[in-house]
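Report on the following structure.
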Amino acid sequence: MIGAASVRRRGQLREFLRARRERISPGEVGLPMGGRRRTPGLRREEVAMLAGVGVSWYTWLEQGRDISVSSDVLDAVARVLRMNEPERAHLYLLAGLNPPPANGSGAEVSEEVRALLDGWERGPAIVRDRYWNILALNTLAGCVFGCDDGEPHNCLVTFFTSPRYRGLPEIWAEAAPGVVAAYRADAALVPHDDEFDRVAKELAAVSPEFAQLWDRHEVGVPAQAVNALHHPEVGELYFDATTLTVADNPNWSVVLYNPKPGTSTRERLTALPHLRLTESA
């Protein structure tokens with residue numbers, strides 16, 4: 001039995017494809033403009049021809065029928081209909097497939113996002129990509145997490161290899177399964193993206209603890225206990241973290257850290273040289 005959600009999704013697919021098809025003129029795709037057309041835009045058979053698929057198959061796709069689709073064919077249709085990246089991802093979702101990784105992962109972090117990080121003076125702040133690589137950070141994050149050496153840093157790798165996290169062994173051991181489960185959950189969103197596997201394999205080669213946890217195939221969300229470490233200058237630090245998605249690059253996350261209430265974290269941070277903290281709102 002077809003569920004209500006599936007019926008609704010197929011109806012949205014039908015409307016979406018028709019709207020995208022009707023906005024493309026024949027001239028835009030190199031077809032002759034002659035002849036009268038009852039509806040604007042391309043005909044279904046023209047989309048099928050340009051995408052290299054059968055007319056019947058494309059008609060069934062646009063009608064929202066229960067047919068098998070592949071990423072290659074969806075990419076071809078998206079290309080003919082001049083879809084941008086968000087539209088292409090939307091097409092995948094409506095067709096029942098996971099969207100491919102968005103392009104532009106190597107784009108520069110904008111000045112606006114960097115200003116947000118620099119303006120977050122009550123604690124560390126970072127931007128990380130979907131693989132948990134740190135792309136940008138404020139001064140306090142560099143000092144607290146030991147990421148101010150100019151070298152690339154990955155949050156997962158740092159958690160398993162940094163003496164700062166391993167300096168609190170009981171807290172670290174309690175948090176580690178949740179960290180790995182959260183990373184696997186992120187990886188599951190894009191199962192054909194090999195970069196997650198590369199990071200995991202390289203870390204497993206140097207961390208038996210990670211290799212053991214990774215083999216458990218658990219999934220979950222990050223736990224607050226992850227944000228605890230031992231700083232070599234000021235001692236134990238505890239943070240609550242808020243993670244925000246960057247609107248124009250949904251593969252990036254801004255993570256803002258607040259000193260955890262009930263701990264001496266704030267006072268210890270003020271002991272770090274050349275750093276200034278603001279009062280929490």
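Here, residue 1 is the first one in the sequence, and each next residue gets the next number. Not measured: the values here are computed from a predicted model.
Placement of L156 and V206 within a single hydrophobic cluster is found when ILVMFWY residues are connected by side-chain heavy-atom separations under 4.5 Å, directly or transitively. Hydrophobic clustering (ILVMFWY, side-chain heavy atoms < 4.5 Å, transitive): L97 and V53 are in one cluster. Hydrophobic clustering (side-chain heavy atoms under 4.5 Å, transitive across Ile, Leu, Val, Met, Phe, Trp, Tyr) groups W60 together with L50. Hydrophobic clustering of Ile, Leu, Val, Met, Phe, Trp and Tyr side chains at less than 4.5 Å, counting indirect connections, unites L81 with I67. Placement of L93 and V7 in two distinct hydrophobic clusters is found when ILVMFWY residues are connected by side-chain heavy-atom separations under 4.5 Å, directly or transitively.
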What do the steps show when you test E87 against R20 for salt bridge (charged side-chain N to carboxylate O under 4.0 Å, His left out), and what is the final call? CA-CA 9 Å; E87 290 171 338; R20 299 284 77 75; 3.8 Å; yes

Start with the C-alpha gap between E85 and R88, add the side-chain angles, then the distance that decides, and say whether salt bridge (charged side-chain N to carboxylate O under 4.0 Å, His left out) holds. CA-CA 5 Å; E85 196 165 275; R88 175 169 166 257; 5.2 Å; no

Applying side chain to side chain contact (heavy atoms under 4.5 Å, CB included) to F239 and N258, what does each step give before you reach the verdict? CA-CA 5 Å; F239 298 97; N258 263 315; 6.0 Å; no

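Residues I126 and V254 form no side-chain contact, since every pair of their non-hydrogen atoms from C-beta on lies 4.5 Å or further apart. Looking only at side-chain heavy atoms (C-beta outward), I171 and L229 stay at 4.5 Å or farther from each other. Under the 4.5 Å side-chain criterion, counting only non-hydrogen atoms from C-beta, L31 is in contact with L42. Put simply, the side chain of V180 reaches to within 4.5 Å of the side chain of F210, judged on heavy atoms. With a 4.5 Å cut-off on side-chain heavy atoms, L61 and L17 count as touching. Two residues are said to be in side-chain contact when any heavy atoms from C-beta on lie closer than 4.5 Å; Y58 and V73 fail this criterion. Counting heavy atoms from C-beta on, the side chains of P261 and D240 come closer than 4.5 Å. You'll find the side chain of R130 stays beyond 4.5 Å of the side chain of D186, heavy atoms only.
We find the CZ-CG distance between R9 and L13 to be 7.5 Å, quoted to the nearest 0.5 Å. Put simply, CD on E209 and CG on L213 are 8.0 Å apart, with the number rounded to the nearest 0.5 Å. Here the straight-line distance linking atom OG1 of T265 with atom CG of L237 works out to 5.5 Å at 0.5 Å rounding. For the atom pair C147 SG and I134 CD1, the distance stands at 4.0 Å (nearest 0.5 Å). Going from atom CZ of R198 over to atom CD of E202 covers 4.5 Å, rounded to the nearest 0.5 Å. Atom CD in E121 sits 9.5 Å away from atom OG1 in T139 (nearest 0.5 Å).
In this structure, A51 and A76 approach most closely via the heavy-atom pair O-CB, 3.6 Å. Scanning both residues, R164 and V144, for their nearest heavy atoms gives NH1-O, 2.9 Å. Heavy-atom minimum distance, S253 versus T243: CB-CG2, 3.7 Å. In this structure, S68 and W57 approach most closely via the heavy-atom pair O-NE1, 3.4 Å. Closest heavy-atom contact between L269 and P259: CD1-CG, 4.0 Å. The shortest heavy-atom contact between V127 and V113 is CG2-CG1, 3.5 Å.
Residues forming a ring pair (Phe, Tyr, Trp, His ring centres under 6.0 Å) with F145 (at least two apart in sequence, or on another chain): Y257. Listed by chain and residue number, F16 satisfy the ring pair (Phe, Tyr, Trp, His ring centres under 6.0 Å) test with H90 (two or more places apart in sequence, or in another chain).
Exactly one of W172, W132, Y183, Y165 qualifies for a ring pair (Phe, Tyr, Trp, His ring centres under 6.0 Å) with F160. That residue is W172. Just one of E267, R268, K260, R266 meets the side chain to side chain donor-acceptor pair (under 3.5 Å) condition when paired with S264; it is R268.
At least one donor-acceptor pair under 3.5 Å links the side chain of N138 to the backbone N or O of G123. A donor-acceptor contact shorter than 3.5 Å links the side chain of E28 to the backbone of S25. In terms of modelled atom types and a separation under 3.5 Å, the side chain of R14 and the main chain of E62 share no donor-acceptor contact. Remark: the backbone N or O of C143 is paired with a side-chain donor or acceptor of H231 at under 3.5 angstrom.
Defined by atom type and a distance below 3.5 Å, a donor-acceptor pair is present between the side-chain atoms of D75 and Y92. Donor-acceptor pairing under 3.5 Å is recorded for the side chains of N133 and N154. A donor-acceptor pair shorter than 3.5 Å can be found between the side chains of D193 and Y131.
Figure legend: cation-pi geometry between R128 and W252 absent, as NZ or CZ is not positioned both under 6.0 Å from the six-membered ring centre and within 45° of its axis. Under a cutoff of 6.0 Å and an axis angle of 45°, R122 and W120 form a cation-pi pair.
Residue Q212 places its CD atom among 12 or fewer non-hydrogen atoms of other residues, nucleotides or ligands, all under 6.0 Å distant.
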